[in-house]
Amino acid sequence: MLLVLRATARGVVATEISDEGEERAETVIAESDLPAWVAERERARPRWVWNDTARWYPPLLAAGVRVERCVDLRLCHAILRNAIASASSALATAERDGWDAPAPVRAAAASDALFDLEPPPDDDDPVAEWRRQRDAVAAAGDGGRLGLLLAAESVGALVAAEMRHVGLPWSVAEHDRLLTEHLGPRIPNGRPAKLEALAERLREALDAPALNPDSQPDLLRALQNAGLRVESTSKWEVRELDHPVVEPLLEYKTLSRLLTANGWHWLEEWVSEGRFRPVYVPGGVVTGRWASDGGGALQLPKQVRSAVVPDPGWRFVVADASQLEPRVLAAMSGDRAMARAGQATDMYQGMVDTGAVETRQQAKYGMLGAIYGGTTGESGRMKPRIERAFPVAMAYVEAAARAGERGDVVSTWLGRSSPPGEGLGYDETATDVQKRRTQQRAAAWGRFTRNFVVQGTAAEWALCWMGSLRRRLWQMGSGPLTQRPHLAFFVHDELLVHTPATLADEVAAALRESAAEAGRLLFGGMPVEFAVSVAIVERYSDAK
DNA sequence: TCGGAAAGCGCC
DNA sequence: AAAGGGCGCTTTCCGA
């Protein structure tokens, strides 16, 4: 059964639709009664259908209501609009409309006074949109892959809202302690003592008394005036120099970064009541990966992870999908030799053991090159060997690269399609310079599409992993979400669960079982192991 | 004075 | 040691 929610000027209209698609009943509910109404109906385990999870779900969570399933119409629409598999559907061939617009700015999810001043505009008809999507999926003829993708995308939206709701446990005291230890005590609008001392050492080493090390042009000039041949101030270039300034400069960069990106200001802005609550943006990256909006959640430096501390009596169970992208490539390309290497817990070691390459290092750089399109250095050198050892997998990514270079669209395993390449062709009137530029653009776009199919499929696997885990975690406890084991953090191929210590072992097992289930769901019988490393810890930084 | 671009660096 | 793909954030610079 489906329950479609729609905001109107007279209240929330809920339309019940049977699994066969028949409309049954329509109910009008006052905004304030919605959580209780949803909680009551949730007992029948409906699939909730709404335009944006980020709009409907946070108020429900705030009222203590958790739902099992949903359809996020806007996220699903975006997939169907672009997917090759649904290209001939009514949805994809229709003019662009409100469903193609980005989600409206989140209506201050934390605020209780939602629509005090003016009534919300009526939502576009979600029932009609749901039918359009159902028809597009049914006609895709792809063995159900798009349908699975839409379900995975939607459950991801639920997880994103739930993770923001529960937050990542964060020790302000520990964070402040580590900042003070590394930087010195906080100085409002100024450099803490240790950072200023480093700045002073830079000025001395470069004989530049007025140097502001935060200014790149200033710093570059000072380096050059000191006789150093550098073209930028970047760390990889500085590291190569032989000069007394190198050590303090690299340290300055590291500490300055800590201060500006994750210092006291960040702490005040993003951590409250012992929780870091970033905004996760499912589908925020073209490949299908999540993005984040504010707080830099997906770039949380290892430096500050010691401040991530569970509640008393609770633990973190941290799981990392090892070598996810190579495993995904083995499975989606159907490369048996690569799959065999992927049965090892350490896939790179597996490549050595099956005789494909000589060292683990070679395996790693070789795969990086295959997936990212590297042509130089170690990964370039490894390419012929990788091609010999895993011809099917390499042909798969090469085909994706060639398609991109031509301007063709490529798709992930479940059918998310890349944007079309633009400006990749030229005619005979083009000058040599124009031709060369176009070729460079085409090569770059080929690297993008090569990576797209792998990165995007890995993102699909991760969504399935999360969805499977979410269901298992919910069954492990009772009461509201915050009292059961729950997902608290996610970074592309890594999950962090916050759990009562007594359930930590059970959670660890669930993380492994969910990974295996995600592999089966996507790739069926392909004998690729999706190995996960799991650690039960009392600080995030203690996980590997 | 404001805002976008670029540099640089953190994460996967 | 970096390279190749994808991001977000902060600072400074520079032009409108």
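Chain letters run A, B, ... following the sequence lines, proteins first, then strands; residues in each count from 1.
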Under 4.0 Å between a side-chain N or O of [X] and OP1 or OP2 of [N]?
X	N	answer
Arg447(A)	dG5(C)	yes
Lys253(A)	dG10(B)	no
Ser215(A)	dC13(C)	yes
Thr287(A)	dG5(C)	no

Go through [options] for me and flag the one nearest to the [X] side chain.
X	options	value
Thr233(A)	dG6(C), dC12(B), dG8(B)	dG8(B)
Thr260(A)	dC7(C), dC11(B), dT10(C)	dT10(C)
Tyr372(A)	dG5(C), dG6(C), dG10(B)	dG5(C)
Asn451(A)	dC11(B), dA1(C), dG6(C)	dG6(C)
Leu368(A)	dG4(C), dG10(B), dG6(C)	dG4(C)
Ser232(A)	dG8(B), dG6(C), dC11(B)	dG8(B)
Gln299(A)	dG6(C), dC11(B), dT10(C)	dC11(B)

Which residue lies toward the 5' end of DNA chain C, Gly373(A) or Glu240(A), if each is placed at its nearest nucleotide?
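Of the two residues, Glu240(A) wins.
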Which residue lies more 5' along DNA chain C, comparing Ser292(A) with Lys235(A) via nearest heavy atoms
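Residue closer to the 5' terminus by nearest nucleotide: Lys235(A).
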Using both distances under 3.5 Å as the test, list the Watson-Crick or G-U wobble partner of dA1(C), or none.
none
Tell which nucleotide pairs with dA7(B), taking only Watson-Crick or G-U wobble pairs whose two distances are both under 3.5 angstrom.
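Looking at the geometry, dA7(B) pairs with dT10(C).
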Provide, to the nearest angstrom, the distance between the [atom1] atom belonging to [X] and the [atom2] atom belonging to [N].
X	N	atom1	atom2	result
Leu220(A)	dA6(B)	CG	P	17 Å
Glu251(A)	dC9(B)	CD	P	15 Å
Leu250(A)	dG8(B)	CG	P	13 Å
Glu231(A)	dA6(B)	CD	P	18 Å
Gln216(A)	dT10(C)	CD	P	15 Å
Leu324(A)	dG6(C)	CG	P	18 Å
Met367(A)	dG4(C)	CE	C1'	13 Å
Trp236(A)	dG8(B)	CH2	P	10 Å

May I ask you to say what [X] touches in the nucleic acid, namely base, sugar-phosphate or nothing, with a heavy-atom cut-off under 4.0 Å?
X	answer
Gly296(A)	sugar-phosphate
Asn262(A)	nothing
Gly295(A)	sugar-phosphate
Val454(A)	nothing
Glu325(A)	nothing
Gly380(A)	nothing
Ser234(A)	sugar-phosphate

How about Trp266(A) and His175(A): do any of their side-chain heavy atoms sit closer than 4.5 Å?
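A side-chain contact under 4.5 Å exists here.
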Quick one: classify the glycosidic conformation of dG4(C) as syn or anti, with syn meaning within 90° of 0.
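The base of dG4(C) is oriented syn (glycosidic angle within 90° of 0).
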Mutual orientation of the aromatic rings belonging to [X] and [Y] [parallel < 30°, tilted 30-60°, perpendicular > 60°]:
X	Y	answer
His498(A)	Phe316(A)	tilted
Phe523(A)	Phe530(A)	parallel
Trp461(A)	Trp465(A)	tilted

Is it true that Ser411(A) and Ser417(A) share a donor-acceptor pair across their side chains at a distance under 3.5 Å?
yes
Regarding Thr233(A) and Gln216(A), do their side chains bring together a donor and an acceptor under 3.5 Å, going by distance alone?
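Absent: no donor and acceptor within the cut-off.
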So for Arg257(A) and dC9(B), does any side-chain atom that can act as donor or acceptor lie under 3.5 Å from a complementary atom in the base?
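Yes, the side chain and the base share a sub-3.5 Å donor-acceptor pair.
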For the side-chain hydrogen bond (donor to acceptor under 3.5 Å, both in side chains) test, which of Arg436(A), Gln434(A), Gln439(A) pairs with Tyr426(A)?
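Exactly one option meets the side-chain hydrogen bond (donor to acceptor under 3.5 Å, both in side chains) with Tyr426(A), and it is Gln439(A).
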